[in-house]
Amino acid sequence: MGLVQWLKGQFLCHLIICYGFLVSGLLVNLLQICTLPLWPINKQLARRINCKLGYSLTSQSVALLEWWSGTEVTFYTDPANYQIYGKENAIVVLNHNFEIDFLCGWTFCDRFGVLGASKCLAKKELSYLPVIGWMWYFLEMVFIKRKWEEDKRSFVQSLQNLRDYPENFWFLLHCEGTRFTEEKHQISMEVAEKKGLPKLKHHLLPRTKGFWVAVQNLRGTVAAVYCCTLNFRNNETPTLLGVINGKKYHPDLYIRRIPLESVPEDEAECSAWLHKLYQEKDQFQEDYSQTGCFPGPVVALPRGPWALINWIGWTCLLLYPLYLLLVQLVNSGSILTLLATVAFCSAVSVGVRWMIGQTEIKRSSSYGVPLN
Ligand SMILES: CCCCC/C=C\C/C=C\CCCCCCCC(=O)SCCNC(=O)CCNC(=O)[C@H](O)C(C)(C)COP(=O)(O)OP(=O)(O)OC[C@H]1O[C@@H](n2cnc3c(N)ncnc32)[C@H](O)[C@@H]1OP(=O)(O)O
Ligand SMILES: CCCCCCCCCCCCCCCCCC(=O)OC[C@@H](O)COP(=O)(O)O
């Protein structure tokens, strides 16, 4: 193991990374709060500023994945679409099997300049996450309780609000509604059987209501559905902790662009269309497990420097006060300052570890178990 790789595994490095993320995140949240008075005066400007702030925080995790862990996503897509990505709004449909699927998605967003404005249909619990969840609130992320009767009004309203969004955005939908586990898979396949639908091997049965409502409310705003299928070579099971430890993974992401006009308007037809899409995605995954690659050409999308520059900038800015604190600590020799520093480091460490826990599939919700 080289020195660099050894360093990546050290707790002190992790502490510095977590400190940078947490403190810069809180500063971003604070700046976002400062944009509040601007909303009634110039809403579009406030939204644009929030996108930039969002980029400044989200891109740190992209830098962590791409530059720290050295993970490079291999993109499979039609090169003709390469010209269009980033220049239109889109609904993204992505499988939900991996703990870092959102990170791999973000690298794709970053390549096409839509990282700051990207949105997701997310479970309500994520809106309470310090830093990330609070940031998403200002980015007009759509949160749901996954109980249709309670969600429908705010869901439709949140989608309608996006109709005049000033930046191009991608709206991510995990139609399975929860992460893949064997138990959830088995239960959802019982539902599939009852509905007379073909069984899926690599996906949970998609829930179609959210997709249909999103398509209906974003017609005229969104130009296409991006059908995205993600997998990892060598049956890797990536984790965020692995990424922080500098472990390199090998993700493959297959993106198909489907014009929105080809998605039916009628709810039942739209539902059937989505089920068919998932059957195709399932076949891609099955082929991937046999051949190790997706159909469609691989396009070279080299990582850009901005995520790294932003990350280094924040780290330098925030390490300086930490350095001053340490110097003061050494000079003073005060037990009280020492204890305060230890308490602060422990709080950072525990806080970020708890946030990382939210990405772990073993802590997945009980949604989809039993039937609901
Ligand atoms: C690669 C590019 C990436 C680009 C990235 C861009 C942006 C990224 C930005 C941020 C990244 C952040 C990452 C955070 C990720 C967070 C993701 C989540 O939080 S996932 C959870 C929330 N999302 C969803 O739930 C979406 C899917 N769900 C739906 O759409 C649902 O329809 C709903 C809107 C939640 C409503 O659900 P509800 O159950 O209330 O109603 P439904 O009509 O859908 O369901 C009833 C229907 O389902 C049948 N049923 C019952 N049990 C099951 C089961 N186990 N599986 C499947 N189906 C089931 C039941 O029989 C009913 O059927 P029917 O209506 O026919 O009677
Ligand atoms: C420089 C960067 C340093 C990074 C340090 C680490 C910081 C920690 C970052 C935490 C990021 C939290 C993002 C949470 C996204 C979790 C997405 C997710 O996967 O949610 C699950 C839901 O979809 C479904 O939930 P379940 O029903 O499966 O339950």
Side-chain angles (χ1 to χ4, degrees), residues 14 17-18 20-22 24-25 57-65 68 73 75 90 92-94 96 98-109 114-115 117-126 129-133 136 139 141-152 155 169-181 184-185 187-192 194-195 204-214 226 228-230 240-241 243-244 253 255 268 271 274 311 314-315 351-361 363-372:
H14 303 163
I17 289 173
C18 294
F21 176 75
L22 212 59
S24 64
L57 185 59
T58 311
S59 69
Q60 291 183 41
S61 41
V62 171
L64 186 82
L65 182 78
W68 180 261
V73 183
F75 298 97
V92 174
V93 173
L94 176 66
H96 209 7
F98 303 101
E99 294 188 359
I100 61 163
D101 47 22
F102 67 98
L103 263 186
C104 298
W106 279 341
T107 64
F108 181 47
C109 296
V114 293
L115 182 59
S118 289
K119 322 215 170 294
C120 177
L121 178 60
K123 60 176 180 178
K124 183 85 185 153
E125 293 85 330
L126 292 176
L129 265 187
V131 174
I132 289 268
W136 284 344
L139 294 175
M141 203 78 118
V142 182
F143 293 105
I144 49 167
K145 294 180 184 159
R146 295 183 282 190
K147 291 180 189 138
W148 182 238
E149 281 311 311
E150 291 175 42
D151 285 327
K152 60 183 172 192
F155 183 19
F169 66 86
W170 293 350
F171 184 73
L172 171 67
L173 255 168
H174 289 293
C175 296
E176 298 101 310
T178 188
R179 283 163 292 183
F180 187 102
T181 64
K184 289 180 183 182
H185 180 238
I187 291 171
S188 84
M189 286 308 105
E190 284 167 21
V191 178
K194 279 191 198 131
K195 291 185 175 207
L204 304 180
L205 188 68
R207 299 189 182 242
T208 55
K209 178 86 85 198
F211 178 77
W212 176 69
V213 173
Y226 295 170
C228 295
T229 311
L230 176 73
L240 190 52
L241 273 183
V243 172
I244 293 173
L253 180 61
I255 308 122
S271 232
L274 189 71
W311 192 32
W314 271 117
T315 308
V352 178
R353 183 64 191 85
W354 177 79
M355 285 167 73
I356 292 168
Q358 303 305 307
T359 66
E360 291 173 353
I361 293 179
R363 290 169 204 232
S364 184
S365 71
S366 59
Y367 185 70
V369 186
L371 295 183
N372 62 24

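Sequence positions, counted from 1, serve as the residue numbers for this chain. Just follow the structure's listing: the first ligand is 1, and inside any ligand the first atom is 1.
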Student: Polar-atom distance check: S118 versus ligand 1, any N or O pair below 3.5 Å?
Tutor: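 Checking ligand 1 against S118, no N or O pair falls under 3.5 Å apart.
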
Student: Counting only heavy atoms, which portion of L230 has something under 4.0 Å from ligand 1: side chain, backbone, both, or neither?
Tutor: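 The answer is neither.
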
Student: Ignoring hydrogens and angles, tell me if any N or O in the side chain of W68 forms a donor-acceptor pair with the backbone of I244 under 3.5 Å.
Tutor: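 Yes, because the side chain of W68 sits within donor-acceptor range (under 3.5 Å) of the backbone of I244.
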
Student: How far is atom 18 (C) of ligand 2 from its nearest protein heavy atom, and which residue and atom name does that atom have?
Tutor: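 Residue, atom and distance for the closest contact: R179 NH1, 4.1 Å.
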
Student: Given G210, G177, S365, which has its nearest heavy atom closest to atom 25 (O) of ligand 1?
Tutor: G177

Student: Contact between ligand 1 and M141 is defined here as a heavy atom of the residue under 4.0 Å from a ligand atom; is it met?
Tutor: yes

Student: Contact between ligand 1 and W106 is defined here as a heavy atom of the residue under 4.0 Å from a ligand atom; is it met?
Tutor: yes

Student: Could you report the tightest heavy-atom contact between L230 and L94, atom names first, then the distance?
Tutor: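 Scanning both residues, the minimum pair turns out to be CB-CD1, 4.0 Å.
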
Student: With side chain to side chain contact (heavy atoms under 4.5 Å, CB included) as the test, pick out the partner of L205 among M189, H185, E176.
Tutor: M189

Student: So, does E99 use its side chain to make a donor-acceptor pair with the main chain of L240 at under 3.5 Å?
Tutor: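 A pair under 3.5 Å: no.
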
Student: Below a 4.0 angstrom heavy-atom separation, can you tell me which part of E125, side chain or backbone, both or neither, approaches ligand 2?
Tutor: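 The answer is neither; E125 stays 4.0 Å or more away.
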
Student: Which residue is it: K147, K152, K145? I am looking for the one with a side chain to side chain donor-acceptor pair (under 3.5 Å) to E149.
Tutor: K152

Student: Got an N/O contact under 3.5 Å between H174 and ligand 1?
Tutor: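 No, since none of the N or O atoms of H174 sits under 3.5 Å from an N or O of ligand 1.
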
Student: Would F98 and L103 count as a side chain to side chain contact (heavy atoms under 4.5 Å, CB included) here? Give the steps.
Tutor: CA-CA 10 Å; F98 303 101; L103 263 186; over 6 Å; no

Student: Of all the heavy atoms in Y367, does at least one lie under 4.0 Å from an atom in ligand 1?
Tutor: yes

Student: Would you sort out whether C175 and L274 count as a side chain to side chain contact (heavy atoms under 4.5 Å, CB included), showing the intermediate values?
Tutor: CA-CA 9 Å; C175 296; L274 189 71; 3.9 Å; yes

Student: Give a yes/no on ligand 2: does R146 have at least one heavy atom closer than 4.0 angstrom to it?
Tutor: yes

Student: Classify the contact between W136 and ligand 1 as side chain, backbone, both or neither, using a heavy-atom distance cut-off of under 4.0 Å.
Tutor: side chain

Student: Can you measure from CD1 (I132) to CG (L57) and round to the nearest 0.5 angstrom?
Tutor: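 Going from the CD1 atom of I132 to the CG atom of L57 covers 5.0 Å.
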
Student: So which of R207, R179, H96 actually passes side chain to side chain contact (heavy atoms under 4.5 Å, CB included) with H174?
Tutor: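 Exactly one pass, corresponding to H96.
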
Student: How does H174 reach ligand 2, by side chain, by backbone, by both or by neither, if only non-hydrogen atoms under 4.0 Å count?
Tutor: neither

Student: For atom 57 (C) of ligand 1, which candidate among L205, D101, L103 holds the nearest heavy atom?
Tutor: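 Among L205, D101, L103, the closest heavy atom to atom 57 (C) of ligand 1 comes from L205.
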
Student: What do you reckon, does R207 have a nitrogen or oxygen under 3.5 Å from a nitrogen or oxygen of ligand 1?
Tutor: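 By distance alone, the answer is yes.
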
Student: Give me the residue, atom name and distance of the protein heavy atom closest to atom 25 (O) of ligand 2.
Tutor: K123 NZ, 3.1 Å

Student: Applying a 4.0 Å heavy-atom criterion (strictly less than), which segment of V191 is in contact with ligand 1: side chain, backbone, both, or neither?
Tutor: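 The side chain, only.
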
Student: Which heavy atom of L173 sits nearest to which heavy atom of A214, and what is that distance?
Tutor: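 Of all heavy-atom pairs spanning L173 and A214, the closest is CD1-CB, 4.1 Å.
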
Student: Which residue holds the protein heavy atom closest to atom 20 (O) of ligand 2, what is that atom called, and what is the gap in Å?
Tutor: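 Ranked first by proximity to atom 20 (O) of ligand 2 is L126 CD1, 3.8 Å.
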
Student: Give the residue, atom name and distance (to 0.1 Å) of the protein heavy atom nearest atom 12 (C) of ligand 2.
Tutor: L129 CD1, 3.9 Å

Student: Among all protein non-hydrogen atoms, which one is nearest to atom 6 (C) of ligand 2, and what is the separation to 0.1 Å?
Tutor: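 For atom 6 (C) of ligand 2, the nearest protein heavy atom is V352 CG1, 3.8 Å.
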
Student: Any chance you could lay out the side chain to side chain contact (heavy atoms under 4.5 Å, CB included) test for F108 and V92, step after step, and finish with the verdict?
Tutor: CA-CA 11 Å; F108 181 47; V92 174; 5.8 Å; no

Student: Pick, from H185, K124, K195, K209, the option with the minimum heavy-atom distance to atom 47 (C) of ligand 1.
Tutor: K195

Student: Hey, looking at atom 29 (O) of ligand 2, which of S24, S366, S365, P130 has the closest heavy atom?
Tutor: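 Of the listed residues, S365 has the closest heavy atom.
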
Student: Ligand 1 versus I144, non-hydrogen atoms closer than 4.0 Å: side chain, backbone, both, neither?
Tutor: side chain

Student: Checking a contact table here: which protein heavy atom is nearest atom 1 (C) of ligand 2, and how many Å away?
Tutor: W311 NE1, 3.3 Å

Student: Judged by atom type as modelled, is there a donor-acceptor pair below 3.5 Å linking the side chain of R146 to the main-chain atoms of G177?
Tutor: yes

Student: Select the closest option to atom 26 (P) of ligand 2 among S61, A122, S364, judged by heavy-atom distance.
Tutor: S364

Student: Kindly determine whether K123 and S365 satisfy side chain to side chain donor-acceptor pair (under 3.5 Å), including the steps that lead there.
Tutor: CA-CA 10 Å; K123 60 176 180 178; S365 71; 5.0 Å; no

Student: Out of F102, W314, F21, W68, who is nearest to atom 15 (C) of ligand 2 when you count heavy atoms only?
Tutor: F102

Student: Short list, please: which atoms of ligand 1 are under 4.0 Å from a heavy atom of F102?
Tutor: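 Going through ligand 1 atom by atom, the ones under 4.0 Å from F102 are 13 (C).
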
Student: Below 4.0 angstrom from a heavy atom of C175, which ligand 1 atoms are there? Numbered from 1 as shown, please.
Tutor: 27 (C)

Student: Measure the acute angle between the ring planes of W136 and F143, then classify it against the limits of 30° and 60° as parallel, tilted or perpendicular.
Tutor: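 Geometry flag for F143 against W136: tilted rings.
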
Student: Pick whichever of C120, G105, A117, C109 has a heavy atom sitting closest to atom 15 (C) of ligand 1.
Tutor: C120

Student: Where does H96 meet ligand 2, judged by heavy-atom distances below 4.0 Å: at the side chain, the backbone, both, or neither?
Tutor: side chain

Student: Under 4.0 angstrom from ligand 1, any heavy atom of V92?
Tutor: yes

